[in-house]
Every structure is written in C-alpha cells, then in structure tokens.
Amino acid sequence: MKEPPKLRKLLLDMKDSLAYCSETLDNIMDANARDRESVIANALGQVKKVVAEQNVLEKVTKGDVLVVAAFYEITSGIVDFIELPTLSAFRASSKPLPSIKSS
C-alpha cells in the first residue's frame, strides 16, 4: 500500500535527516541510544530546513525569532533541548549535520 503524498514527503525528509549519521547509527548496539540519536538527527535536520528559508533567516538574524531543536520524551514528559552550533556555521555547511550535545 502506498502512503499518502504528505506522509511520504515527511518520511523521506526524515530519511534525509538520518542519512548523515547512518554509519554511526549502525554501530550503536543499544536500541534506546540508537532511537535517541535518530530523533536528534531528525530535529537538527528540521532546524536546518527551517533556517534555509530566507524570510526565517532574516528574522533570526535580526533577533526577532529564535529557532531551537528539541524533542519531547513521551515516557517522562521532559522536553530535551539540543545545543546547536552557531547559525552561520550551521546554515552555511553543506557537509553532514554536526555532532551535538544535548542538554
């Protein structure tokens, strides 16, 4: 069965976000740790996509908008915010997403 177009796009976008760390993910034996790294990769990919929009970038640069990466841990109810590199380094990089530290 084929997915609806919007779901298909969402899934493909997540796949793209995970592509940068597939080698790392393959080496993580603990399923919980692998899931967490996948969620973080997706969150960073979404931030990169958002700041690629010129109108958003302008508002971020002016300080009118703050873009953050975070995820909700459903089992604990905690929102975990992810430390991002500087916006200019993050946005300008055509390289894979950087390693991050979560807080």
Side-chain angles (χ1 to χ4, degrees):
M1 181 181 212
K2 196 166 185 170
E3 305 90 6
K6 288 184 179 181
L7 176 59
R8 180 172 176 72
K9 180 173 180 359
L10 177 70
L11 294 171
L12 289 173
D13 287 348
M14 282 186 212
K15 184 178 177 183
D16 289 345
S17 296
L18 296 175
Y20 92 95
C21 64
S22 62
E23 186 176 312
T24 301
L25 290 175
D26 290 343
N27 292 323
I28 299 173
M29 297 301 149
D30 180 70
N32 290 335
R34 188 176 9 205
D35 288 349
R36 181 177 171 84
E37 287 299 316
S38 298
V39 168
I40 289 170
N42 183 52
L44 288 172
Q46 297 308 314
V47 168
K48 193 167 187 173
K49 189 188 321 183
V50 167
V51 297
E53 297 291 327
Q54 188 61 36
N55 58 343
V56 174
L57 179 62
E58 288 172 9
K59 290 179 188 272
V60 170
T61 303
K62 288 180 186 176
D64 295 339
V65 173
L66 177 65
V67 178
V68 299
F71 64 92
Y72 175 71
E73 179 58 57
I74 198 163
T75 57
S76 67
I78 294 173
V79 175
D80 198 356
F81 290 87
I82 302 165
E83 185 178 332
L84 297 173
T86 63
L87 179 62
S88 57
F90 187 65
R91 188 172 176 276
S93 174
S94 60
K95 295 179 184 176
L97 295 171
S99 297
I100 56 89
K101 290 188 247 178
S102 63
S103 56

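Keep in mind that the numbers below use all heavy atoms, side chains included, and drop hydrogens, waters and symmetry copies. Residues take their numbers from the sequence shown, with the count starting at 1.
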Novice: Flag yes if I78 and V39 sit in one hydrophobic cluster, no otherwise; membership is Ile, Leu, Val, Met, Phe, Trp, Tyr, and two members link when side-chain heavy atoms are under 4.5 Å apart.
Specialist: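 Shared cluster, no.
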Novice: With rounding to the nearest 0.5 angstrom, report the CG to OH distance, D80 to Y72.
Specialist: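 Spacing of CG (D80) from OH (Y72) equals 13.0 Å.
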Novice: Answer yes or no: does atom CG of L7 have more than 12 heavy-atom neighbours from other residues, nucleotides or ligands under 6.0 Å?
Specialist: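 Atom CG in L7 is crowded, with more than 12 foreign heavy atoms closer than 6.0 Å.
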Novice: Heavy atoms only: give me the nearest I28-A33 pair and the separation to one decimal.
Specialist: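 In this case the closest contact between I28 and A33 is CG2-CB, 3.7 Å.
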Novice: Measure across A43 and A70 and return the closest heavy-atom pair with its distance rounded to 0.1 Å.
Specialist: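 Looking at all heavy atoms of both residues, the shortest contact is CB-O, 4.2 Å.
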Novice: If you measure from CD on E53 to CG on N55, what distance do you get to the nearest 0.5 Å?
Specialist: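 Those atoms lie 6.0 Å apart.
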Novice: At their closest point, which heavy atom of R34 faces which heavy atom of M29, and how far apart are they?
Specialist: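 Nearest pair, atom of R34 first, then M29: NH2-O, 3.4 Å.
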Novice: Going from NZ on K62 to CG on L57, what distance comes out if it is rounded to the nearest 0.5 angstrom?
Specialist: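 Nearest 0.5 Å value for the NZ-CG distance: 11.0 Å.
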Novice: Give, for atom CD of E37 and atom CG of D30, the distance between the pair rounded to the nearest 0.5 Å.
Specialist: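 Answer for the CD-CG pair, E37 versus D30, is 11.0 Å.
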Novice: Start with the C-alpha gap between R8 and L12, add the side-chain angles, then the distance that decides, and say whether side chain to side chain contact (heavy atoms under 4.5 Å, CB included) holds.
Specialist: CA-CA 6 Å; R8 180 172 176 72; L12 289 173; 4.0 Å; yes
Novice: Can you name the nearest heavy-atom pair linking V68 to V47, along with the distance?
Specialist: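 Residues V68 and V47, closest heavy atoms: O-CG2, 3.7 Å.
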